[in-house]
Amino acid sequence: MAAKRKTPVKTRNPDLIRGVGKYSRSKMYHKRGLWAIKAKNGGVFPRHDPKPKACPAAEKTPKFYPAEDVKKPLLNKRKPKPTKLRSSITPGTVLILLAGRFMGKRVVFLKQLPSGLLLVTGPFKINGVPLRRVNQSYVIATSTKVDISGVNVEKFDDKYFAKEAEKKKKKGEGEFFEAEKEEKKKLPEDKKEDQKAVDSCLIKSIEAVPDLKSYLGARFSLKSGMKPHELVF
């Protein structure tokens with residue numbers, strides 16, 4: 001085992017921060033005295049031509065030497081953290097969607113999925129919003145609550161909403177110029193049954209509260225003169 005050096009080797013160009021040297025490339029050119037070597041040889045660096053070999057030996061694989069200006073990659077030590085749910089959003093809270101196909105609709109929050117997205121439903125029978133995932137950045141939490149104690153949402157996770165990969169069919173020369181009628185994708189029967197099971201429990205608790213059914217069915221919108229920052233949801 002080789003003995004350790006008593007005095008550590010110091011670099012001529014120490015790092016100010018990781019990846020950024022103290023001196024520039026032109027400064028290091030003068031610091032290393034390359035200008036003096038170039039001046040002695042008529043403005044060019046001396047060339048040392050290799051000596052002719054007596055017998056050609058087996059060629060070795062070339063070694064890679066990085067250039068002086070190669071950027072040093074920075075280590076990314078960031079670890080993804082689970083999405084924190086807003087304190088105003090609790091199971092049963094009525095939310096207002098701010099983006100997407102159902103923008104302005106009121107939905108009922110059921111639970112937070114492992115991906116951080118929110119599982120919501122209209123219910124579908126009241127305002128046409130099915131079971132779907134939404135980002136909490138695009139919802140407004142209201143003070144209205146719905147009792148969802150009788151709703152079973154254990155089977156719903158991110159895999160439940162994953163789309164199946166479809167293989168593209170190769171078209172022949174004749175089919176390429178013909179307009180093909182695209183068949184509408186039908187919703188699987190098991191997902192329809194899941195929607196009915198969730199809606200049936202929700203509608204019972206919604207109908208028990210007066211005017212809640214019409215409140216969920218109405219679309220949220222702002223009129224002229226209304227100030228959003230002064231509204232109480």
Side-chain angles (χ1 to χ4, degrees), residues 74-165 185 187-233:
L74 302 177
L75 293 175
N76 185 8
K77 296 182 179 180
R78 180 182 175 275
K79 294 181 180 179
K81 296 180 181 179
T83 307
K84 187 178 179 182
L85 190 64
R86 295 204 315 246
S87 59
S88 57
I89 302 176
T90 55
T93 303
V94 175
L95 308 176
I96 300 172
L97 301 181
L98 300 178
R101 179 182 171 190
F102 301 102
M103 182 173 58
K105 296 270 187 166
R106 294 180 172 92
V107 293
V108 180
F109 169 64
L110 301 177
K111 72 170 186 177
Q112 187 180 26
L113 300 174
S115 62
L117 299 176
L118 310 182
L119 176 65
V120 299
T121 185
F124 181 77
K125 196 172 181 180
I126 293 177
N127 55 19
V129 182
L131 284 163
R132 61 189 288 110
R133 299 176 295 174
V134 296
N135 193 319
Q136 63 177 336
S137 301
Y138 302 105
V139 299
I140 295 175
T142 66
S143 57
T144 309
K145 302 266 187 184
V146 178
D147 183 19
I148 62 167
S149 57
V151 183
N152 185 13
V153 292
E154 292 180 358
K155 68 180 296 184
F156 301 108
D157 54 5
D158 293 302
K159 293 181 181 179
Y160 181 85
F161 296 94
K163 294 182 180 179
E164 296 179 359
K185 295 180 181 179
L187 192 69
E189 292 296 328
D190 57 343
K191 291 194 175 182
K192 289 182 180 179
E193 294 299 327
D194 294 339
Q195 183 70 58
K196 289 178 182 178
V198 172
D199 284 2
S200 61
C201 298
L202 273 177
I203 289 172
K204 287 180 183 178
S205 56
I206 290 170
E207 289 178 346
V209 181
D211 299 328
L212 183 57
K213 187 174 181 180
S214 58
Y215 172 75
L216 289 172
R219 187 185 287 269
F220 172 78
S221 62
L222 293 173
K223 297 179 181 179
S224 60
M226 296 176 68
K227 298 178 180 179
H229 60 282
E230 293 182 355
L231 296 178
V232 179
F233 297 97

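Since we're looking at a predicted model, the values are computed, not measured. Values reported hereafter were calculated over all heavy atoms of this structure, with side chains retained and with hydrogens, waters and symmetry mates removed.
Here the closest heavy-atom approach between residue A141 and residue S88 is recorded as CB-OG, 3.6 Å. Residues F109 and L95 share a closest heavy-atom pair of CB-CD1, 3.8 Å.
Taking T144 as the reference, nothing meets the side-chain hydrogen bond (donor to acceptor under 3.5 Å, both in side chains) condition, with sequence neighbours excluded. With sequence neighbours left out, K204 forms a side-chain contact (heavy atoms from CB on, under 4.5 Å) with no residue at all. For N152, the side-chain contact (heavy atoms from CB on, under 4.5 Å) partners are E154, not counting sequence neighbours. In this structure D147 satisfies the salt bridge (charged side-chain N to carboxylate O under 4.0 Å, His left out) test with no other residue, sequence neighbours excluded.
Of the possible donor and acceptor atoms, one in the side chain of K191 sits under 3.5 Å from a partner among the backbone N and O of Y160.
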Indicate every side-chain donor-acceptor pair of residues 214-222 with a distance under 3.5 Å to a residue at least two apart or in another chain.
| from | atom 1 | to | atom 2 | distance (Å) |
| --- | --- | --- | --- | --- |
| S214 | OG | D211 | O | 3.1 |
| Y215 | OH | R106 | NE | 3.4 |
| R219 | NH1 | M103 | O | 2.3 |

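Within 6.0 Å of atom CZ in F124, 12 or fewer heavy atoms from other residues, nucleotides or ligands are found, so the atom counts as exposed in its surroundings. For K213, the NZ atom is loosely surrounded, since the number of other residues' heavy atoms within 6.0 Å does not exceed 12.
Side-chain contact check for N127 versus F102: every heavy-atom pair is 4.5 Å or farther apart. Side-chain contact between Q195 and T121 is present, with at least one heavy-atom pair separated by less than 4.5 Å. Between P91 and V153, every side-chain heavy-atom pair lies at or beyond the 4.5 Å cut-off.
Residue pairs meeting the salt bridge (charged side-chain N to carboxylate O under 4.0 Å, His left out) criterion with at least one member in residues 110-139, sequence neighbours excluded, are R133-D158.
V108 pairs in a side chain to side chain contact (heavy atoms under 4.5 Å, CB included) with only one of the listed residues (I126, V146, T93), which is V146. Of the residues T90, T83, I89, the one that meets the side chain to side chain contact (heavy atoms under 4.5 Å, CB included) test with R86 is I89.
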Test side chain to side chain contact (heavy atoms under 4.5 Å, CB included) on V120 and V139 and set out the steps. CA-CA 11 Å; V120 299; V139 299; over 6 Å; no
